[in-house]
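The next block holds one structure in the form of structure tokens; read it before the comments.
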Amino acid sequence: MAADLRDPVRHALDSVLEAVRERTDGAVASYIPELATVEPEQLGAALASTHGVVHESGDADAEFTIQSVSKPFVFALAVDALGLGEVIKHVGLEPSGEPFNAISLEATTGRPLNPLINAGAIVTTSLMRGDTAAEKFDAVRAGIEKFAGRDLQVDEEVFSSEASTGDRNRALAYLTRSAGTLGSTADVATTAYFRQCSLTVNARDLAIMAATLATGGVNPVTDERVVSENAARWTTAVMTSCGMYDASGDWLVRVGLPAKSGVGGGIAAVQPGQFGIGTFSPRLDERGNSVRGVATLELLSERHGLHMLQHHGVPLSPIASLEREGADTVAVLRGEIMFSGAEEVLTRLAPFVSDEACLVLDFTGVTRVGDGSKRVFAAAPELVGRAPDGRARVAVRDPEGVLEFD
Ligand SMILES: NC(=O)CC[C@H](N)C(=O)O
């Protein structure tokens, strides 16, 4: 068989899984009795790129219940449908520093502190479209299926097990209901929430779901837009501050990938603009995060420099060359120009602006200009005005329209 260039990525995943396989500490969740019956040795990981290729390793196809990994995706659906302003009337955006099932309600407003602890997730689910639990769950399921790019089933055993032992979650629902932040009755919200947590997925699904956030809301495998770019960014931000519960601060320093864990053993992690990773291994640490999943992401991040705040060095200058065209100076620009690139172009070229000649900004070789930078460039010719003889001091050459807004 011909060598496959995709193998090095799979090899990186294989090698990390081999390294973390020796971790046999932790225990499968048992507070939901049905979860205690899973095979604890399972271990899988998948990485989905923002161009839609999925690399898998180990038990990447093994199914498990999504549990709390569903929470950020339902938050994304809620803010996409209702807007951030409406959703935050019901649930806050502050890390709680407390366990997932804590009674963390803001003293003054009664809002749960954030949408990724149970109280906040139950409220978020209650805001979904529909009146009944079935309608709300249908909206949740349809949305999560778009994130995963395939149909998903409910594990009915886990659902019944969770529903019959879910009194703490019911208590959270009643508390938020009495505080006026729940969007439905307690029963509707918890029934929809228990079904949401019982949806079955695999590590591959979680990778694609996370990659959908990484691309700004478009599923890179199906090419379908699932949520708006704003909704994807807000969600990734909440995952950064609250995704790993009371381990979120430690996680941000060590791993540096916005992520969400679930007591089914799954973790979904996002590297904005680059990829999503899904991991699965059922044994959990005392905070309810998969032991080997955490170890996998830690090692991957460390070996391959995946921390979102990793310093990649100062980017290549966007000014490729300066050329003369008669009396005029043409600045040949290149690559992707984000805010700091725009700042560099305008600052370094400022001395070339004069009454005698025109400074031409040539965007022909530029592949992309960030929206924020477009505004900076668009203002330039007008800000510098015209020379006394009426000639433009600065002109823009943009045959591909990279400065246009979508
Ligand atoms: N951390 C989790 O995955 C918790 C989800 C679980 N369904 C619960 O509500 O208890």
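Both ligands and their constituent atoms are indexed starting at 1 by order of listing. Values below: every heavy atom of this structure, side chains too, minus hydrogens, waters and symmetry copies.
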Checklist entry - How far apart are the closest heavy atoms of A121 and Y193, and which atoms are they? => result CB-CE1, 3.9 Å

Checklist entry - Can you find a side-chain donor-acceptor pair between S261 and R287 that sits under 3.5 Å? => result no

Next on the checklist: Regarding R23 and E298, does a basic nitrogen lie under 4.0 Å from an acidic carboxylate oxygen?
Outcome noted: no

Next on the checklist: Does this structure show an ion pair linking R368 with E400, if we count only N-O contacts that are shorter than 4.0 Å?
Outcome noted: no

Item to check | For N118, atoms of ligand 1 separated by under 4.0 Å from a heavy atom | outcome: 4 (C), 8 (C), 9 (O), 10 (O)

Item to check | Atom indices of ligand 1 within 4.0 angstrom of Y193 heavy atoms, with elements | outcome: 5 (C), 6 (C), 7 (N), 8 (C), 9 (O)

Checklist entry - Quick check: does C197 get an N/O under 3.5 Å from an N/O on ligand 1? => result no

Checklist entry - T364 and D362: side-chain donor and acceptor closer than 3.5 Å? => result yes

Next on the checklist: When you measure from the heavy atoms of Y31 to every atom of ligand 1, does any distance fall below 4.0 Å?
Outcome noted: yes

Item to check | ligand 1 to Y245 polar contact by distance, N or O atoms, under 3.5 Å | outcome: yes

Checklist entry - Purely on distance, is any nitrogen or oxygen of S261 under 3.5 Å from one on ligand 1? => result no

Checklist outcome for this item: atom 7 (N) of ligand 1: closest protein heavy atom, distance to 0.1 Å, is E162 OE2, 2.3 Å

Checklist entry - Does a side-chain N-to-carboxylate-O contact under 4.0 Å join E404 and K374? => result no

Item to check | Which residue and heavy atom of the protein sit nearest atom 6 (C) of ligand 1, plus the separation | outcome: Q67 OE1, 3.1 Å

Checklist entry - How far is atom 5 (C) of ligand 1 from its nearest protein heavy atom, and which residue and atom is that? => result S68 OG, 3.2 Å

Next on the checklist: Taking R195 first and then E156, would you say they form a salt bridge - that is, a charged N and a carboxylate O separated by under 4.0 Å?
Outcome noted: yes

Next on the checklist: Check for me whether N169 has a heavy atom closer than 4.0 Å to any atom of ligand 1.
Outcome noted: yes

Item to check | Salt bridge E145-R141, side-chain N to carboxylate O under 4.0 Å | outcome: yes

Checklist entry - Atoms of ligand 1 less than 4.0 Å from G262 heavy atoms? => result 3 (O)

